[in-house]
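Below: one structure, written as structure tokens.
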Amino acid sequence: MAQQTRDVTEGITQPSLGAVGWLRWMWRQLTSMRTALFLLLLLAIGALPGSIWPQRSIDSARTADWIANHPRSGPWLDRLGFFEVYASPWFAAIYLLLFISLVGCVLPRSKVHWKAMRSTPPRAPARPDRLPSSATAETGADAEAVLAAAREVFQGKRFRTHAHDSTSVSAEKGYLKETGNLVFHLALIFVIVGVAVGHLFGWKGDVIVPVGKTFANSLIQYDTFSPGPWVDPSSLSPFRIKVDKLDATFEENVTGRGQFGQPRDFTAHVTTVAEPGVTPKQATIKVNHPLEMKGAGVFLLGNGYAPVITVRDKDGNPTFSGPVPFLAQDNNYTSVGAVKIPGAQPKQLGFSGLFLPTAVIDKEKGPTSIFPDAKKPALALTLFEGTLFPGGRPQSVYVLDTAEMAQVKTAKDQPLRIWLEPGKTFTLPGDRGTITFDGVDRFAGLSIRHDPGKYVTLVAALLALGGLIASLVIRRRRVFVRVSPAQDGRRTVVTVGGLAKGDDDGLQEVVEDVLAAVERRLGSST
Amino acid sequence: MTNETLAGYANVSLYSAMAVFTIAMLCHAVYLAGLLPARDRATDRAAERAGDRSAERELVGAGATSASVDAASADVAPADAEPTGAAPVAGSAAEVPSRARAAAGIGSTTTWLGGMLLLLSVVLRGLSVDRWPLGNMFEFAVMGSMFTSLAYSIWSTRRDLRWLGLFITGPILLVLGMAVRVWYTEAAELLPSLQSYWLVIHVTVAVLATAVFTIGAAATAVYLVKDAFARSGRSSVLDRFPDAASLERTAYGLYIVAFPLWTFTLIAGAIWARQAWASYWNWDPKEVWTFVIWVVYAAFLHSRATSGISRQTASYIALAGYACIIVNFAVVNVFFVGQHSYSGL
Ligand code: HEM
């Protein structure tokens with residue numbers, strides 16, 4: 001079967017006259033099937049770098065590392081947008097062109113299809129037996145009876161019928177194929193609209209909440225907050241969440257590779273207050289079971305340890321006390337963190353180091369954790385003094401900025417190493433006071449997100465799927481029945497011919513089916 | 001709690017399946033060898049000597065003249081290289097030497113058996129861990145092989161697919177070999193991020209779609225090779241396969257089943273991502289590749305409907321899509337850093 005030529009614009013050469021002619025020519029190029037194909041392939045290729053190179057919006061630390069480790073290629077790739085692929089101008093250019101092409105292609109087709117749906121099937125060819133599929137039979141019935149029977153058969157099979165002359169019936173079905181195709185393409189546009197709405201009006205914030213603490217949904221409480229350009233961050237819905245308890249279980253029974261020590265369950269038990277004055281409610285947040293608050297979903301995306309630490313000055317007055325979240329670095333929760341004591345005298349103090357839930361001292365790696373649960377917790381810290389916040393620059397809570405700090409040394413001029421187990425106190429040299437490791441708490445890493453576009457995207461995606469299935473499953477078929485007198489002049493020759501859009505292995509069967517049904521009908525009525 | 005006895009039986013079943021697939025593969029190979037023209041002639045001569053089936057030869061010769069009206073068969077090879085015309089190999093059983101037919105029979109039975117053993121293995125594995133057995137690469141590979149072999153077997157009850165058998169059982173054995181040697185992971189419970197009914201929905205459909213894409217890719221590869229041979233005019237065992245155009249249509253028929261399944265995978269994955277990771281789309285490497293695969297197969301369907309793009313070119317796009325599927329499974333799971341960290345390696 002010949003390939004289809006849906007693409008009516010192709011092959012038409014235009015005498016290009018002036019700017020309008022050129023614009024029209026460009027528009028036709030852009031909205032041609034070939035261009036759509038090219039842009040689709042380009043989109044696939046363009047999306048790949050984002051999976052190969054680390055992406056700033058996903059993992060900025062890893063991105064910075066990568067660039068630092070590749071001083072030559074790093075900055076160039078950065079300039080070309082390889083670390084921000086999905087926000088880069090070239091990626092946007094590809095999908096915008098694709099969608100312009102889509103609109104330019106689909107709208108005219110919708111118009112054509114609208115008309116086609118209301119028009120009648122075309123005139124039957126003079127010789128239906130020359131169509132790709134055909135079947136012929138002779139019957140004793142007269143032409144009118146045959147045509148009437150054919151109409152009934154077609155109607156029974158849900159064909160649309162029309163007779164353009166007195167010796168034929170034309171029938172067509174499968175208009176929904178094109179409808180499905182158009183719904184699919186139009187729905188893709190709405191998928192993008194939903195994404196855009198989410199991008200413009202949505203926001204996302206992350207916060208670490210140690211057990212026992214309360215988080216109130218306002219901008220200042222977030223560790224990081226990324227609002228869409230049209231979000232008013234001062235109008236977040238005023239809910240509160242207190243983390244009462246965090247359960248974490250890890251695999252201890254199966255010892256094989258890849259399983260021992262794997263997480264098995266994380267559950268945060270929380271008390272929520274939807275808005276001030278409302279009675280508090282108990283709830284749980286689990287991975288895969290977010291908590292839906294008004295205007296935002298709350299997700300448990302991280303967890304870790306927050307050792308409770310008390311620091312006292314030389315007179316025994318506390319200068320700091322409370323849980324300090326340490327950030328896990330590996331599957332066994334070897335965690336890094338810092339304890340910053342801005343109120344220490346005469347110089348500010350900063351502790352930096354590791355929290356190890358199941359601590360061992362490895363000959364090569366030094367202090368490390370060998371299991372994620374807090375079986376034998378320990379803190380391994382070093383001490384710095386000086387200015388904690390030089391220049392007031394923003395800094396990570398897990399890391400000390402030691403630009404204006406000096407490491408505290410022992411009498412032997414070795415860096416001071418502090419090893420603490422729960423309940424133990426370490427006396428700092430040189431009258432700097434003490435540090436006590438009171439116990440181990442956990443923290444919940446919550447991610448809170450508002451996305452007003454998600455339902456648009458979801459509905460559009462499901463519509464696209466439905467349209468796609470319709471467009472792939474339904475067959476557009478035209479079947480024609482023509483009658484002519486047989487040679488003997490008394491009997492009637494019935495010729496059925498079929499024409500399909502695209503490959504259609506089942507067409508011949510349909511044609512034969514129609515003929516058989518017509519014969520059956522004639523047989524039973526005479 | 002995991003039940004190690006059941007997990008052990010699951011593995012026994014898996015190893016048995018591999019043994020059975022080895023037999024199936026050999027039988028399918030014997031079948032293809034039996035189709036070789038030289039063998040064919042020898043068989044025919046033997047038949048002639050026996051004197052009782054001399055009609056068979058004529059039948060083979062006459063096949064060419066009864067070539068189908070299908071316009072596409074016009075582009076394939078000289079007439080004598082196309083003894084079966086557009087009719088599939090099976091057309092008439094008499095055309096295939098009896099030894100080859102017997103081999104194909106055993107091949108088909110053993111492929112069924114292998115698929116059933118894989119099904120058993122999957123069920124036992126699931127029972128042993130009391131969860132849906134799709135938690136790591138090993139389990140994906142086993143279920144994927146199961147779907148592939150069963151889909152092939154079920155489909156071959158409806159049409160003659162003996163020509164495809166070798167190209168299905170071979171890759172299945174390869175994948176199962178990788179599964180037990182490289183990706184093996186002990187039976188255990190799931191990571192919290194996988195404890196969701198979306199695992200059952202999303203991953204099962206993804207694996208099913210992959211299975212259908214796999215059969216499609218095998219058919220496409222056979223088509224392209226056959227097409228190349230036909231153009232060069234060289235004769236080969238491929239002459240006894242269905243004609244090139246119908247091979248291509250067979251592959252297309254598979255892709256239009258697999259593509260909506262993949263579209264569903266993508267949507268279900270996004271819904272699950274919103275449950276598990278707060279945002280339905282995060283451009284995680286696995287998501288990127290799933291999207292790329294979708295776009296490439298969309299491009300394939302497009303190219304097939306674009307005038308002026310040959311079926312060969314379109315087929316290469318489909319194979320590119322399959323290459324992406326392989327990368328998505330074998331490379332992205334293992335080497336790329338992302339949130340989909342469940343390879344179990
Ligand atoms: C986001 C970009 C696009 C995607 C993902 C996409 C995807 C698809 C898919 C999967 C099909 C197969 C469905 C079928 O065969 O009925 C299809 C068909 C089609 N597409 Fe697109 N498409 C896109 C853009 C376009 C554009 C820009 C045009 C116009 C130039 C276009 C025109 C068509 C036409 C005419 C068909 C019907 C082919 C046929 O008759 O079978 N598409 N598209």
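Note that the structure is predicted; figures quoted are calculated from it, not measured. Quick note: numbers below take in every heavy atom, side chains included, and nothing from hydrogens, waters or symmetry partners. In what follows, every chain begins at residue 1, and chains take the letters A, B, ... in the order their sequences are listed.
Within the 4.5 Å cutoff, no side-chain heavy atoms of Phe260(A) are placed close to those of Glu186(B). For the pair Val287(A) and Gln195(B), the minimum side-chain heavy-atom distance is 4.5 Å or more. Residues Trp272(B) and Asn288(A) have side chains in contact (heavy-atom distance under 4.5 Å, counting atoms from C-beta outward).
Expressed to the nearest 0.5 Å, how far CZ of Phe184(A) lies from OG1 of Thr263(B) amounts to 6.5 Å. Separating the CZ atom in Phe259(B) from the CG atom in Leu472(A) is a distance of 8.0 Å, to the nearest 0.5 Å. Rounding to the nearest 0.5 Å gives a distance of 10.5 Å between OG of Ser303(B) and CZ of Arg34(A). One finds the CG atom of Asn136(B) at 10.0 Å from the CD atom of Gln262(A) (value rounded to the nearest 0.5 Å).
With a 4.5 Å cut-off on non-hydrogen atoms, Ile267(B) touches chain A through its side chain but not through its backbone. Only the side chain of Ile58(A) comes within contact range of chain B, with at least one heavy atom under 4.5 Å from a heavy atom of that chain. The contact between Trp289(B) and chain A is made entirely by side chain atoms (from C-beta outward), counting heavy-atom distances below 4.5 Å. For Ile317(B), the part lying under 4.5 angstrom from a heavy atom of chain A is the side chain only. Interface residue Trp294(B): only side-chain heavy atoms are found under 4.5 Å from chain A. With a 4.5 angstrom heavy-atom cutoff, Ile293(B) does not touch chain A via any of its atoms. For chain B, the nearby part of Glu292(A) is the side chain; its heavy atoms alone come within less than 4.5 Å.
Nearest heavy-atom pair, Arg274(B) versus Gly297(A), reported as atom, atom and distance to 0.1 Å: NH1-CA, 4.5 Å. Taking each heavy atom of Leu37(A) and Ala299(B) in turn, the nearest pair found is CD1-O, 3.2 Å. Between Leu301(A) and Ala276(B) the shortest heavy-atom distance is CD2-O, 3.1 Å.
Remark: Tyr255(B) engages Tyr297(B), Phe300(B) in a ring-ring contact (aromatic ring centres under 6.0 Å, His included) (not counting sequence neighbours).
Counting non-hydrogen atoms of other residues, nucleotides and ligands closer than 6.0 Å to CD of Glu509(A) gives a total of 12 or fewer. No more than 12 heavy atoms of other residues, nucleotides or ligands sit less than 6.0 Å from atom CZ of Phe190(A). Residue Phe225(A) qualifies as enclosed at atom CZ: its count of foreign heavy atoms under 6.0 Å is above 12. Sparse packing is recorded around CG of Asn331(A), with 12 or fewer heavy atoms of other residues, nucleotides or ligands lying under 6.0 Å away.
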Distance-only donor-acceptor hits, side chain of residues 451-471 of chain A, under 3.5 Å, sequence neighbours excluded:
{"from": "Asp451(A)", "atom 1": "OD1", "to": "Gly453(A)", "atom 2": "N", "distance (Å)": "2.8"}
{"from": "Asp451(A)", "atom 1": "OD1", "to": "Lys454(A)", "atom 2": "N", "distance (Å)": "3.4"}
{"from": "Thr457(A)", "atom 1": "OG1", "to": "Val195(A)", "atom 2": "N", "distance (Å)": "3.4"}
{"from": "Thr457(A)", "atom 1": "OG1", "to": "Gly453(A)", "atom 2": "O", "distance (Å)": "3.3"}
{"from": "Thr457(A)", "atom 1": "OG1", "to": "Tyr280(B)", "atom 2": "OH", "distance (Å)": "3.3"}

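Considering only heavy-atom pairs separated by less than 4.5 Å from chain A, the leading option among Ala278(B), Ser279(B), Ala298(B) is Ala278(B). When the candidates Pro54(A), Gly50(A), Gly202(A), Ala44(A) are compared by the number of heavy-atom contacts under 4.5 Å with chain B, Ala44(A) comes out ahead.
Ring orientation note: the planes of Tyr86(A) and Trp283(B) are close to parallel, at an angle under 30° on the 30°/60° scale.
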